[in-house]
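All values below come from the heavy atoms of this structure, side chains included, with hydrogens, waters and symmetry mates left out. Note that the numbering runs from 1 along the sequence shown for the chain.
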Amino acid sequence: MQFPLNFTFKISSIANDFRVHDAAGVEVAYVRQKVFKLKEEVQVFNNESRSQVNFTVKATKWIDFSPTYLFFDAQGMQTGSVVRQGMKSIWRASYVICDEKGKADLSINEENAVVKVFDGIFGELPLIGILAGYFFNPTYLVTRTNGLPVVRLTKEKSFFGRRFKVDKLAEFSSTGEENRIMLGLMMMILLDRQRGLVP
């Protein structure tokens, strides 16, 4: 994929859907969160036509304070997972990404918790909330266990806070690492939007 990537949420959809475009403007993925499911499930398609499912993300439990979401490829093979750090994520989003063997090798952490708090507060206010996406823009850093930053996700200025940009800061160690990072970020955004932390 050509970076930076752009995530754009659809306002008109009942489901929590967003498109992913690369630096050349080519649609490289379409992410759709299934509605009315007891256990959360997200499908990542090749594009908005939804003709091909490339990945599926499934929750392991119905309700969990520190939920785990498993990544599956098109053949149904588990390729990794992302775990929300329950206590840590109360004030600052914190997730751990694991490889296919369950070994934690990456983490997602919000860079400035104060920005998120103001973003969440102002996003709930009538009329003013529409403009919150222009003033408070949280950033999230993906790092390896040695502390090396690999990717940064930034909420961009937009109405309803519906646009995000992903910048690559270091080379990926493998295609598997790249896929796990993208799936982890996709799931993190969907979860935090539901909780009102990323309006």
Side-chain angles (χ1 to χ4, degrees), residues 1-10 15-23 27-33 40-46 53-59 66-73 78-85 88-89 92-100 104-113 115-116 119 133 137-145 147-156 158 161-199:
M1 290 184 283
Q2 297 182 49
F3 286 79
L5 301 180
N6 293 288
F7 296 179
T8 307
F9 278 84
K10 291 181 69 176
N16 216 358
D17 298 6
F18 64 90
R19 304 180 189 92
V20 181
H21 292 87
D22 68 9
E27 186 176 17
V28 295
Y30 183 76
V31 182
R32 183 175 183 84
Q33 186 172 26
E40 291 195 73
E41 183 174 329
V42 172
Q43 291 180 307
V44 181
F45 298 91
N46 57 329
V53 178
N54 290 338
F55 295 96
T56 303
V57 183
K58 296 182 179 180
S66 296
T68 298
Y69 299 88
L70 305 179
F71 307 149
F72 298 92
D73 64 16
Q78 186 179 330
T79 60
S81 60
V82 62
V83 183
R84 179 176 171 269
Q85 302 294 286
K88 287 184 179 180
S89 291
R92 182 188 299 233
S94 181
Y95 293 77
V96 172
I97 300 174
C98 303
D99 63 17
E100 67 277 6
D105 60 351
L106 297 155
S107 63
I108 306 172
N109 290 287
E110 192 163 6
E111 292 194 89
N112 189 336
V115 173
K116 179 182 72 177
D119 192 22
N137 300 288
T139 58
Y140 306 82
L141 199 62
V142 180
T143 57
R144 295 194 180 116
T145 52
L148 177 70
V150 185
V151 162
R152 175 178 282 113
L153 180 143
T154 305
K155 178 185 170 189
E156 295 199 296
S158 62
R162 67 189 194 99
R163 290 194 340 226
F164 297 81
K165 183 175 74 169
V166 180
D167 290 296
K168 184 168 74 169
L169 306 178
E171 292 301 316
F172 300 114
S173 63
S174 65
T175 302
E177 181 184 68
E178 180 179 7
N179 289 337
R180 289 196 307 278
I181 289 173
M182 291 305 108
L183 292 170
L185 288 175
M186 290 171 179
M187 201 65 222
M188 186 270 299
I189 291 174
L190 289 170
L191 291 172
D192 278 7
R193 277 176 66 95
Q194 283 180 348
R195 296 169 58 227
L197 302 183
V198 185

Asker: Just by distance, no angles: are the side chains of Ser107 and Thr143 close enough, under 3.5 Å, to form a donor-acceptor pair?
Answerer: yes

Asker: Should the ring pair Phe172 and Phe3 be called parallel, tilted or perpendicular, given that the plane angle runs from 0 to 90° and is split at 30 and 60?
Answerer: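 Correct class here is tilted.
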
Asker: Let me confirm one number: the CG-CD distance from Asn54 to Gln43, rounded to the nearest 0.5 Å.
Answerer: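 Rounded to the nearest 0.5 Å, the CG-CD separation comes to 11.0 Å.
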
Asker: Take a 6.0 Å sphere around NZ of Lys168 and say whether it holds more than 12 heavy atoms from other residues, nucleotides or ligands.
Answerer: yes

Asker: Working to the nearest 0.5 angstrom, can you tell me the gap between Glu41 CD and Gln33 CD?
Answerer: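 Going from the CD atom of Glu41 to the CD atom of Gln33 covers 10.5 Å.
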
Asker: At their closest point, which heavy atom of Ala170 faces which heavy atom of Leu148, and how far apart are they?
Answerer: CB-CD2, 4.3 Å

Asker: Within the 4.5 Å heavy-atom criterion, are Ile189 and Phe9 side-chain neighbours or not?
Answerer: yes

Asker: If every non-hydrogen atom of Thr145 is compared with every non-hydrogen atom of Ala104, which pair is closest and at what distance?
Answerer: CG2-O, 3.7 Å

Asker: Is any side-chain heavy atom of Val31 less than 4.5 Å from a side-chain heavy atom of Leu190?
Answerer: yes

Asker: Measure from the ring center of Tyr69 to the ring center of Tyr95 and say whether it is less than 6.0 Å.
Answerer: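 No.
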
Asker: How long is the gap from CD1 on Ile97 to CG on Leu183, to the nearest 0.5 Å?
Answerer: 8.5 Å

Asker: Stepwise, does the side chain to side chain contact (heavy atoms under 4.5 Å, CB included) test hold for Met187 with Val42?
Answerer: CA-CA 8 Å; Met187 201 65 222; Val42 172; 3.8 Å; yes

Asker: Give a yes or no answer on whether the side chain of Arg84 reaches the backbone of Pro67 with a donor-acceptor pair at less than 3.5 Å.
Answerer: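 Such a contact is absent between Arg84 side chain and Pro67 backbone.
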
Asker: Between atom CE of Met182 and atom CG of Leu153, what is the distance when rounded to the nearest 0.5 Å?
Answerer: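 CG of Leu153 is found 8.5 Å from CE of Met182.
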
Asker: Quick check: closest heavy atoms across Arg144 and Glu171, and the distance to 0.1 Å?
Answerer: NH2-O, 2.8 Å

Asker: So, for Pro138 and Glu110, which heavy atoms are closest and what is the spacing to 0.1 Å?
Answerer: CB-OE2, 3.5 Å

Asker: Applying the side-chain contact (heavy atoms from CB on, under 4.5 Å) criterion to Met186, which one of Phe71, Phe55, Phe18 satisfies it?
Answerer: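 Considering Phe71, Phe55, Phe18, a side-chain contact (heavy atoms from CB on, under 4.5 Å) with Met186 is found only for Phe18.
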
Asker: So, Ser94 versus Asn109: side-chain donor-acceptor pair below 3.5 Å or not?
Answerer: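 On atom types as modelled, these side chains qualify, holding a pair under 3.5 Å.
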
Asker: Listed by chain and number, what are the salt bridge (Lys or Arg N to Asp or Glu O under 4.0 Å) partners of Lys58, not counting sequence neighbours?
Answerer: none

Asker: Where is the tightest heavy-atom contact between Ser81 and Leu70, given as atom of each residue plus distance?
Answerer: CB-CD2, 3.8 Å

Asker: Roughly how far, to the nearest 0.5 Å, is NZ of Lys10 from OH of Tyr30?
Answerer: 3.5 Å

Asker: Output the distance between atom CZ (Arg152) and atom CG (Leu169), rounded to the nearest 0.5 Å.
Answerer: 5.5 Å

Asker: When you look at Thr79 and Asn179, which way does the side chain to side chain contact (heavy atoms under 4.5 Å, CB included) test go after all the steps?
Answerer: CA-CA 9 Å; Thr79 60; Asn179 289 337; over 6 Å; no

Asker: Check whether any side-chain heavy atom of Arg163 sits under 4.5 Å from a side-chain heavy atom of Asn6, and report yes or no.
Answerer: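 Answer no - side chains too far apart.
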
Asker: How far apart are the closest heavy atoms of Asp167 and Pro4, and which atoms are they?
Answerer: OD1-CB, 3.3 Å

